[in-house]
Amino acid sequence: MKRRLLLLAAVSLTATSCASTDLAQGSAALPAAGSIWSGPAEAGPLPVDWVATFNDPRLGELVAEAQRANPSVAAAAARFDAARASARAANSSRLPSIGAGGDATRTETNAGGGNAFGADLSVSWEADVWGRLSDRARAGLADAEASGADLEAARLSLAAQVAKAWFSLLEARLQTDLAARDVEMKERSLSFVERRFEAGVSRSSDVRTFRSALASSRSTLALRQRAEASAARSLEILLGRYPSNTIAHDNDLPTLGNLTGLGEPADLLVRRPDILAAEARLNASGYRASEARRALLPRLSFTGRSGTGGSDLGDLLDADTLVTNLIGSLTAPIWSGGALRAERDRAEAAARAQLHTYVNTVLSAWREAEDAIYSDALLADRLAAQAEAFEQAAAAEGLVERQYRSGLATIFELLDAQSRRISAESLLISARRERATNRVDIYLALGGDFLPAYPSAAQE
């Protein structure tokens, strides 16, 4: 598939060009892709709607809202409209140009005065003998296709940003809840330590040590609350809302299974919007190079003019006053200071650069996909290990707390056990969010579909 696409692109770029050898070498620079990804994943096609794979209806609602209201996507849609208008303008050069005009003149002399009225209709048209104007029109159409792919890329990127921002907000809430529970736990423990001190069982240093730990926990809670508010505002901006920190976010982070349905590496050539945009720009640069070469050839144009006139308005409708002429001209550039040849060389160099840009875009896309797919299994292992660490830390905390109440453990052992449990649970929350975020990166790298209700740029 990829070699067919590159061959077509190279043909469009190199027709009648001495640069064909360089472009063919650029095409060969793209390595062959394997039939499967290097990371572990079950075979099958990509899901129809990757947002739905997280089993979070709230996330689907947020993505849909962002697609409607986000200003960046609206700007990309406006640029797409502008590119389509430019494509229509580029195609207009292949059609005849028709103009009409009229004039009225009053002349005064010593002997008297007189009126003169005139009207004319003119038509001009350049015959596209060598296909130069067609190349210009095709380049404009390819630019519009690239802009449409940019719009799809903006939509996909926004969906991924919303998903990541949502998961970051859920993580921030869970971290805030954890910090609040830590404060409550230390307040209860401090009451127990103070009662032991009043009974003469513990020392005053134990009370002060626990008060210090409680103050540190309250400080951490304030930091978590600040981070949660910032995460909420970041998501609200993506949704096109005022950043008021009022978005509801009582959901839990998703529980993810094994990766399924990732397609093949070659699928990215026809799925990823940035690759499709680079391919369209490659075609556009090829057409412009061809146009620049054909600008050195002669041009055949026709001009027609028909006019009437006289001293009275009625003469404008008198067939006897009608004068018509048709002129055909053949012009060829002889000397322009080398400007036309310089433009040809510039356009061909730009086409070669665009080909290498296309190759680099494909290679970067494969790297992004391979990195994300490979990371999924490692993050799953990390999540399992962190869950075990939290389970053991929680069990150890309960054991040390019972020992402290029995006088078999010191205040420092109790605080250390509590700190280890809090840290393990915090890392577990982060690991869950990180794996969910990486899953979003996978679908983003693969150019996955989402929200089928939204038409593609090609359908608009």
Inset, instruction - Taking atom CZ of Arg226 as the centre, report whether more than 12 heavy atoms of other residues, nucleotides or ligands fall under 6.0 Å from it. - result: no

Inset, instruction - Answer yes if the side chains of Gln161 and Ser157 hold a donor-acceptor pair under 3.5 Å, and no otherwise. - result: yes

Inset, instruction - Give, for atom CG of Leu239 and atom CD of Gln67, the distance between the pair rounded to the nearest 0.5 Å. - result: 10.5 Å

Legend entry - Electrostatic pair Asp376-Arg435, nearest N-O below 4.0 angstrom: yes

Inset, instruction - Check whether more than 12 heavy atoms from other residues, nucleotides or ligands sit under 6.0 Å from atom CZ of Arg271, and answer yes or no. - result: yes

Inset, instruction - Quick one: pull up CD in Gln386 and CG in Asp381 and give me the separation to the nearest 0.5 Å. - result: 13.0 Å

Legend entry - Electrostatic pair Glu291:Arg288 at N-O distance under 4.0 angstrom: no

Legend entry - ring-ring contact (aromatic ring centres under 6.0 Å, His included) against Phe54, all qualifying residues, sequence neighbours excluded: Phe167

Inset, instruction - Indicate the atoms forming the closest heavy-atom contact of Gly60 with Val51, along with that distance. - result: CA-CG1, 3.9 Å

Inset, instruction - Taking Ser285 for its side chain and Leu282 for its backbone only, find out whether a donor-acceptor pair lies under 3.5 Å. - result: yes

Inset, instruction - Any chance you could lay out the side chain to side chain contact (heavy atoms under 4.5 Å, CB included) test for Asn91 and Leu141, step after step, and finish with the verdict? - result: CA-CA 8 Å; Asn91 186 60; Leu141 180 60; over 6 Å; no

Inset, instruction - Under the side chain to side chain contact (heavy atoms under 4.5 Å, CB included) rule, what do Thr53 and Tyr443 come out as? Steps first, then yes or no, please. - result: CA-CA 11 Å; Thr53 64; Tyr443 293 121; 3.8 Å; yes

Inset, instruction - Measure across Ala424 and Phe390 and return the closest heavy-atom pair with its distance rounded to 0.1 Å. - result: CB-CA, 3.7 Å

Inset, instruction - State whether the side chain of Asp267 and the backbone N or O of Glu264 hold a donor-acceptor pair below 3.5 Å, judged by distance alone. - result: yes

Inset, instruction - Determine whether more than 12 heavy atoms belonging to other residues, nucleotides or ligands lie under 6.0 Å from atom CG of Leu223. - result: yes

Inset, instruction - Take Ile373 and Leu262 through the test side chain to side chain contact (heavy atoms under 4.5 Å, CB included) and record every step on the way to the result. - result: CA-CA 9 Å; Ile373 294 171; Leu262 300 182; 3.7 Å; yes

Legend entry - Salt bridge present between Arg155 and Glu152 (N-O < 4.0 angstrom): yes

Inset, instruction - For the residue pair Asp56 and Trp166, confirm or rule out a side-chain donor-acceptor distance under 3.5 Å. - result: yes

Inset, instruction - Considering non-hydrogen atoms only, spot the tightest contact between Ala66 and Leu158 and give its length. - result: O-CD2, 3.4 Å

Inset, instruction - Please confirm whether the backbone N or O of Ala227 pairs with a side-chain atom of Ser230, one donor and one acceptor, at under 3.5 Å? - result: no

Legend entry - Carboxylate-amine/guanidinium proximity below 4.0 Å for Glu145 and Arg281: no

Legend entry - Any donor-acceptor N/O pair, Asn438 side chain to Ala372 backbone, under 3.5 Å: yes

Legend entry - Reported CD-to-OG1 distance for the pair Glu434 and Thr437, which is rounded to 0.5 angstrom: 7.5 Å

Legend entry - Val183 side chain near Thr220 side chain, heavy-atom distance below 4.5 Å: no

Inset, instruction - Would you check if the side chain of Arg294 reaches a backbone N or O of Trp130 as a donor-acceptor pair within less than 3.5 Å? - result: yes

Inset, instruction - Specify the closest pair of heavy atoms between Ala154 and Ala76, including all atoms of both residues, with the distance to one decimal. - result: CB-CB, 4.0 Å

Legend entry - Rounded distance [0.5 Å steps], CD1 in Ile422 versus OG in Ser217: 7.0 Å

Legend entry - Salt-bridge present (Arg293, Asp135; N to O < 4.0 Å): no

Legend entry - Note, Arg88 side chain near Ser92 side chain (heavy atom, < 4.5 Å): no

Legend entry - Note, Glu279 side chain near Thr361 side chain (heavy atom, < 4.5 Å): no

Legend entry - salt bridge (charged side-chain N to carboxylate O under 4.0 Å, His left out) between Arg367 and Asp371, worked out: CA-CA 6 Å; Arg367 179 192 60 79; Asp371 280 349; 3.2 Å; yes

Inset, instruction - May I ask you to say whether Asp274 pairs ionically with Arg272, meaning some side-chain N is under 4.0 Å from a carboxylate O? - result: yes

Inset, instruction - Report yes if some heavy atom in the side chain of Ile247 is under 4.5 Å from a heavy atom in the side chain of Arg233; otherwise report no. - result: no

Legend entry - Beyond-backbone contact of Leu269 with Val362, side-chain heavy atoms, under 4.5 angstrom: yes

Inset, instruction - Kindly give the heavy-atom pair with the smallest separation between Leu446 and Leu268, and that separation in Å. - result: CD2-CD1, 3.7 Å

Legend entry - Any donor-acceptor pair under 3.5 Å from Ser423 side chain to Ser419 backbone: no

Legend entry - Working for side chain to side chain contact (heavy atoms under 4.5 Å, CB included), residues Arg132 and Leu297: CA-CA 9 Å; Arg132 180 179 62 86; Leu297 301 175; over 6 Å; no

Legend entry - Between CG on residue Leu156 and CG on residue Leu444, distance to nearest 0.5 Å: 5.0 Å

Legend entry - Spacing of Glu171 atom CD and Lys164 atom NZ [to the nearest 0.5 Å]: 14.0 Å

Under 3.5 Å, which donor-acceptor pairs link side chains of residues 173-180 to any protein atom two or more places apart or in another chain?
{"residue": "Arg173", "atom": "NE", "partner": "His249", "partner atom": "O", "Å": "2.7"}
{"residue": "Arg173", "atom": "NH1", "partner": "Asp177", "partner atom": "OD2", "Å": "2.9"}
{"residue": "Arg173", "atom": "NH2", "partner": "Asn251", "partner atom": "O", "Å": "2.5"}
{"residue": "Gln175", "atom": "OE1", "partner": "Ser426", "partner atom": "OG", "Å": "2.9"}
{"residue": "Gln175", "atom": "NE2", "partner": "Ser426", "partner atom": "O", "Å": "3.1"}
{"residue": "Gln175", "atom": "NE2", "partner": "Ser426", "partner atom": "OG", "Å": "3.2"}
{"residue": "Gln175", "atom": "NE2", "partner": "Ser430", "partner atom": "OG", "Å": "3.3"}
{"residue": "Thr176", "atom": "OG1", "partner": "Ala172", "partner atom": "O", "Å": "2.9"}
{"residue": "Thr176", "atom": "OG1", "partner": "Arg224", "partner atom": "O", "Å": "3.2"}
{"residue": "Thr176", "atom": "OG1", "partner": "Glu228", "partner atom": "OE1", "Å": "2.9"}

Legend entry - Minimum side-chain heavy-atom gap Trp50-Val440 below 4.5 Å: yes

Inset, instruction - State, with a plain yes or no, whether a side-chain heavy atom of Glu236 is found less than 4.5 Å away from one of Tyr242. - result: no

Legend entry - Where Gly140 and Ala87 come nearest, the two heavy atoms and their spacing: O-CB, 3.4 Å

Inset, instruction - Using a 4.5 Å cut-off on heavy atoms from C-beta on, say whether the side chain of Arg58 contacts that of Leu62. - result: yes

